Structures are given as C-alpha cells and as structure tokens.
Amino acid sequence: MNLRSLIMKHMWRNKQRVAGLFFCLVIVITTITTLYHLIEGMNKALGNTFDEIGANLLIIPKQDELDLTYAHLSVKGERVSLKVSELAKIDQIDYRDYIVYVSPKLIDQVEINGKLAGLMGINFENEKNVKMMIQLNGEYPTKDNEIMVGAIAAADLGIHIGDELKILGESFRVRSILKKQNDDHDHFIYMGLAKAQLLLNRENEISLIEVAAYCHLCPIYDIANQLRVQMTNAEVKPFMDVALAREETLDRFRVFFYVIAIILLFAGSYLLTYFMSAYTSKRRQEIGLLRTIGFENRIIEKFLIGEALLIGIVGGLFGYFLGMVIVYFSIQIWFHESVVLILDVQNFLIIFGVSLFLMVIAVIGPLRFASTLDPVLALKKL
Amino acid sequence: MIKVTNIKKQFQDGPTQIEVLRGISLVINKGDFISIVGASGSGKSTLLTIIGGLQEPSSGDVSFSETNLFSLSKEDLATFRREHIGFVFQQMHLIPYLTALENVLLPLVPLKELKEQQNEKARAALQKVGLTGKENRYPDQLSGGEQGRVALARAIVNKPPLILADEPTGNLDSETGQAIMNLFKELNEAGQTILFITHHKEHAKYGNRMLEMRDGVIIESR
C-alpha cells in the first residue's frame, strides 16, 4: 500500500463528502467554461460578421455630385473617377500588411429595355472573399459574357438565371441573381471589371475602391490616414461607426463575464474551503493516528494535497467538458450563428488551472489544521 | 535503554496550573515488560505519551540510547516514533475504510518498500497475533478482540524496540483481554520491550515490573 492507494481508498470510502466537493467545483468550472466560451464565441461571431460586412475602408474620388447611390457614392450626373494606377499606392502604406483585400469597382448607369439600371464592374473573386455573407442564387460569373444581377434590378427587368440580356449592344447571360440584401446591392447589374471598362468605354477608370483590412482591433484610423497621404485626389472613409459599436458591445460582454467570473471564483473558493475544512475536521482522529504512528507532516500534507488535486483534476476535466456540452447545445438551440464554438487548448489549460488553483486554495486551511493538530488530543476525541 | 529523567508536566486550566507529572524518573531496559497502574488522573497516560514523544514535558528529558527525544525536530520525531515505538490504544483506532491487512500496513506507507515486501511484513505481524485468514476483513467485521489484535499487529509491524500500550484491554471482556495480554507476554518473551497501562490488577501481574502512580509521581515500583 502506498500513499496513492491510501488516498483512493479514503476518497472511495468518503464518496458522499468527496462528491459534495466535486460538484461544488464542477458547478464553478462549468459556469466559467460556459460563460467564457459563449462570450468569446460571441466575440468571434461578431468579428466574423464584421469581416463579412466586407470593406472597412472606402476610397472614392473627391468632388462627387451624383445621385444613384452605392456605398454613399452617386453614379448619375458628372462622372468623376479614379485611375487604375491609384491601386498601386495602397501597397505603399506602412500598414499594408493589415490589408487583406482590395476591391476596385466601376459604377455607371445604362439603359436596358428602355429602363435605366446601375451597372457595376467588379472583380468577382475578390467580392466572393470580401462579402462572404452575400447569398445568391446561381454561381458567381466566371466569363466575360456572364453577369450577376441584384434582386430588385432583376425584378424590374423581369430577368431570371440563364436569360440573355443585351447591354449596350452586347449580349450577356445571367449567371446568378443575388438574394435580396435590402441595400444598394439589390439595384445593380454586375459584370467583370475589365469588361465593364471596355463596354462603358472607361478603360483605366474606377469609381471606388473597397478595402478590407484584417480588422480584429486593426488600426483602421491609421490605415485611413496613411492612404490619404498616398492618394491625394481620393477621399478615404473608414467605417468606424460599425467598428466602435462592435468594440463597445464586446467590452460590455467582457465586463459582464469578468464580474460573474470573479463572483464565482470567490463564492466557489469560499464554499470549497468551507467544505474541505469541515471534511478535514471530521478526520482529526485519523490524522492524529497517522501522526502518532509516524507519518511526518510532509506525508500528511502530500495526502491532503493529493486528495485536493485529484478532485481538482477530475472536477476540472468534468466541469470543462460539461461546460462545452452546454455551450454546444446552447449554440444549436438558441444562439445559432451568433456564437461560434471555440475549441482551444489554451482556454482549456487556463480553466483547468483555475480548477487546480481553487483546490489548492481550499486545502491551505486543512494543511494548517493537520500540521498543528495535537495527536494526543485528536485521539482522545475518538 | 530508555531513560526518563525528572519529567514534569503542567497544564494551564484557566487561572489554575495543574501539575500532572511531578518529577518522574525511570529507566526502561531492553526486554522489560512494565505495567503502570494507578487511579484515573494519576498521570499514567501523560507519562506514556511523553515517553512516546507525542507531547513534550514541561521539563525533564526522555532519551532512547543516545537520542534525546525532544531535541529532535517535529519531522524527525515523527520518523523516530515510526522506527522505534509501536502504539496500542484502548480504542484501537483502526481506520474503518481499510482492511485488517491495510491497517497493519499503515506504518509502512511512508517507507519506500516494495508492495510484496510490505505485504509480507504485515502478514507476518497478523500471523503473530493469530489473525491469519482475516486479512481482508474490515474493522466492523471483526470482534473487539480481533480488532485489538489488529492494533497490536500494526504496532509491531515495523519491529519497534518499544511498544507503548494505553489500557489495551480496557474495552474488552475479561477473556478477550486475557488473550491480548497473553499475546503481549509472548511478544515480550520474544524480546520485545513493552510498557503498558492497565486498571486490571490481574493484567498488571503480566509485567515483570509494576509501577504504581498517584498524583503525578511513582509511589511504588516492584
């Protein structure tokens, strides 16, 4: 028999008391795991949503007075545009590494079947990445003679996927129709940027550039300032209102989590210490006997710490697992896309460490009790 | 040889100081079988726990050969107890969640011995007290006498030079008590030094020396 088997036998024999400690710990760890992962999952989901919104910087020509709008830019009236060569300047800013996608667009107005419609030349590959949340029926166009049509534009023109459409004398096949977005995207006909430039006889021109920076706490104002320095004839608009709102929301969630976590840690630590002390106090005769027959204090300390850590290890693992199960089902049932399930070894290790830490705190009192216990008095109590 | 020199022990009870032991000196030789008798409160148990290093005297010394017990640190004193002294108590103090064998194994836990070696020692101790075949029984499955034997086996498993027993037959009927005393006698005949407290005059006669205590002093030694 060794100390480990003595610990196991003791815990098995006192399973009700051990179960009390275990469940107290599991409640704390499960709650912390659940809250932490829901909030961080929400954080990530919000981050993803923000990234899906697409560009967080818009570069437009100065002096624009047009009235068909797309992203605050009008396309009717005097046509002011940027040169394609402006694109190269984006690559010259210090923070160029933050920039993930650059999406130039040419916007104009064309007459189709006697009706006016907005036409936009875009790079479909870029759009796919920048605007991941946009859903469409059909496929993204891959050929020059293929187009994608906004929901309202398609309804106005009475066109469907597979239809042929004549634009400025050229025939195009409708490859896809955007699902209704309830924004500017609904009103446009989209074709390849190079094709649009040719068709509109506006080669080397672009109407605006959407820039997506990697925006998890990215220095969006600094990026905008650096672009302004490089592109003197352009106006650079960061979409910071969205970013700020996101940060504020996340900050509130985090504060909420930390407050709950601190309360839980204190309450849990108090309860565990209380139960552990009560449990050890009931074992005074046993500890007294062990000291009498020659167990040194350090061995009794190992005995008590071993028990506490075993509860901490099992409770930590079980609490984390249970918390993750709750997070998983909460996402499935209530949160859906608004929370992302995060499986991260570092988070696990931190929460597991908290579990062990709580048990170490809880065992401090019992250790002091055991080391100062008078074995003569302890044995008299039996 | 164990030498007890001028042991005094006082306790503070509120404003009153109680003198439990008032200068006890004693020499215990190897192979002695000493009984201590006396009325309750005469200081027998206090003397036993001081000789066992479980509590410090207010003054005086206890030395085992060359070792002065109370010059040792707490940790060293615990080790010394484990190696030199076996304890048997009136209430046996068996751990209820351990079998008879495991209870006997307890003093061996701090030693880093092989499991087989430990088991061999514990089985030998149980055999010595006549409990072969009952190794796997829990204390509540054993009679009072059997529990006493397990406690005795636990005290001798480390082969300590001295066994201290505080009323080992106090909770047993006379027949079982006598059986336990016979076991002590057998151990003593095999060379074991034993110091025991008893209230039974008959049991006291088992010893080759008898000390009678009253009011914290040894009034008679024969």
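Protein chains get the first letters and strands the later ones, always in sequence-line order, with residue 1 at the start of each. Note that this is a predicted model, so its numbers are computed, not measured. Any value given below was found using the heavy atoms of this structure, including those in side chains, with hydrogens, waters and symmetry copies removed.
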Spell out the residues in residues 56-83 of chain B that have some non-hydrogen atom less than 4.5 Å away from a non-hydrogen atom of chain A, in order of number; otherwise answer 'none'.
-> B:Lys74, B:Glu75, B:Ala78, B:Thr79, B:Arg81, B:Arg82
Does atom CZ of A:Arg4 have more than 12 heavy-atom neighbours, drawn from other residues, nucleotides or ligands, at distances under 6.0 Å?
-> no
Closest heavy-atom contact between B:Tyr97 and A:Arg13?
-> CB-CG, 2.9 Å
Between A:Asp374, A:Asn297, A:Ile299, A:Asn14, which has the largest tally of heavy atom pairs under 4.5 Å with chain B?
-> A:Asn297
Give a yes or no on whether B:Gln12 atom CD has more than 12 heavy-atom contacts from other residues, nucleotides or ligands under 6.0 Å away.
-> yes
With sequence neighbours left out, the residues meeting side-chain hydrogen bond (donor to acceptor under 3.5 Å, both in side chains) with B:Gln10 are B:Glu19
When the 4.5 angstrom heavy-atom criterion is applied to A:Ile293 and chain B, the contacting part is both
Crowding at OH, A:Tyr279 (>12 non-hydrogen neighbours, <6.0 Å) | yes
Sort by residue number and list every member of residues 103-110 of chain B having a non-hydrogen atom under 4.5 Å from chain A.
-> B:Leu105, B:Leu106, B:Pro107, B:Val109, B:Pro110
Residues B:Leu98 and A:Lys9: closest non-hydrogen pair is CD2-CD, 3.5 Å
Interface moiety of A:Asn2 toward chain B, non-hydrogen atoms closer than 4.5 Å | backbone
Between A:Lys302, A:His10, A:Arg298, A:Glu296, which residue shows the highest count of heavy-atom pairs closer than 4.5 Å to chain B?
-> A:Glu296
Contact class of A:Leu289 relative to chain B, heavy atoms under 4.5 angstrom | side chain
Under the 3.5 angstrom rule, does the side chain of B:Gln118 hit a backbone N or O of A:Met1 as a donor-acceptor pair?
-> yes
With a 4.5 Å cut-off on heavy-atom pairs, point out which of B:Gln55, B:Gln90, B:Glu102 contacts chain A the most.
-> B:Glu102
Might you confirm whether atom CZ of B:Phe11 has over 12 heavy atoms from other residues, nucleotides or ligands at distances under 6.0 Å?
-> yes
Side chain / backbone / both / neither for B:Pro160 at chain A, heavy atoms under 4.5 Å | neither
Between CD1 on residue B:Ile95 and CG on residue A:Leu6, distance to nearest 0.5 Å | 6.5 Å
Residues of residues 345-371 of chain A with any heavy atom under 4.5 Å of a heavy atom in chain B | A:Ser371
